[in-house]
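Okay, so here's the structure we're looking at.
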Amino acid sequence: MTKVFNKISDWQKEREKIGTNKTLGFVPTMGALHEGHFSLMEKSVKENDFTIVSIYVNPTQFNNKEDYENYPDTFEDDLGALEKLNADYCFFPSYEEMYRDNYKYKVSESELSNKLCGAHRTGHFDGVLTIVMKLLNIVNADKAYFGEKDYQQYLLIKGMAEAFFMRTEIIPLPTIRSEEGLALSSRNKRLTEDELVKALEFPKLLKSELNDDQIKEELSSKGFVVDYVESIENRRFGAVHLGKVRLIDNVKI
Ligand code: PAF
């Protein structure tokens, strides 16, 4: 049975009991869990003696109030999935617990965080890095697992863990896609049926032989509002708006 902790101090007592001879894997999430999260949880359960999953919709990483307010809340189902996948612990804190300083202190990065999604979502990565730093410090895991769908987020978190000599190893795992190729995301739940079909064009075009500008044009002509399509080294990154939903993806090229 998955044990739920709301208070940092209660979790810390349990963490002490686990000790240092057994390994602890950590999967941070904002809930609304899907196959992408399940693949991270399965890997953690396989690689570690114990697994903890956090469920916390972090307000400081939302630059858009509507997006935050409409973020799906499926806690009961999420907990059911944790039980099914044999996650030992769930950390489910409140804002008051996580932001005792009311976000007076934050973690920032000054280069990569200003590019791609960072250029379009002011303060987003400050919010992500700050909450992940807090979670990593609280959970005190051996390994933490992140999906490559948020590849920029993964790179920034890995860089932060190195820069601050954090003990947790940051592990990336491949993006999980629907059969038709759409990267799974909690926000897909908010796409209409028509939009779900149209969304398939996005990964298809990112993987195509067209160059970044041509892909942007194609996407715009199909009704997407494009934030960016940009190739960096051997990866092409993209972010688009479709109806009320913002989709991001990246592919190796
Ligand atoms: O990728 C996410 O779901 C979030 O950005 C994370 C890492 C849980 C931090 O809130």
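All values reported here derive from a predicted model rather than from experimental measurement. Counting convention: from 1, in listed order, for ligands and their atoms alike.
Close N/O approach between N58 and ligand 1 is not found [any backbone or side-chain N/O within under 3.5 Å]. Residue Q61 has at least one N or O atom closer than 3.5 Å to an N or O atom of ligand 1.
Only backbone heavy atoms of T29 (N, CA, C or O) come within less than 4.0 Å of ligand 1; its side chain stays farther off.
Under 4.0 Å is where a charged nitrogen must lie from a carboxylate oxygen, and between R246 and D227 at least one such pair does.
Judged by distance alone, the side chains of R167 and N140 do bring a donor and an acceptor atom under 3.5 Å apart. Looking at Q61 and Y68, their side chains never bring a donor and an acceptor atom within 3.5 Å of each other.
Counting the atoms of ligand 1 from 1 in the order shown, those under 4.0 Å from a heavy atom of I131 are 9 (C), 10 (O).
Looking only at protein heavy atoms, the nearest one to atom 3 (O) of ligand 1 is M30 CG, 3.7 Å. Among all protein heavy atoms, the one lying closest to atom 2 (C) of ligand 1 is Q153 NE2, 3.9 Å.
Between Y56 and F91, the ring center distance fails the sub-6.0 Å criterion.
Geometrically, K204 does not engage F202 in a cation-pi contact, judged by NZ or CZ lying under 6.0 Å from the ring centre and within 45° of the ring axis.
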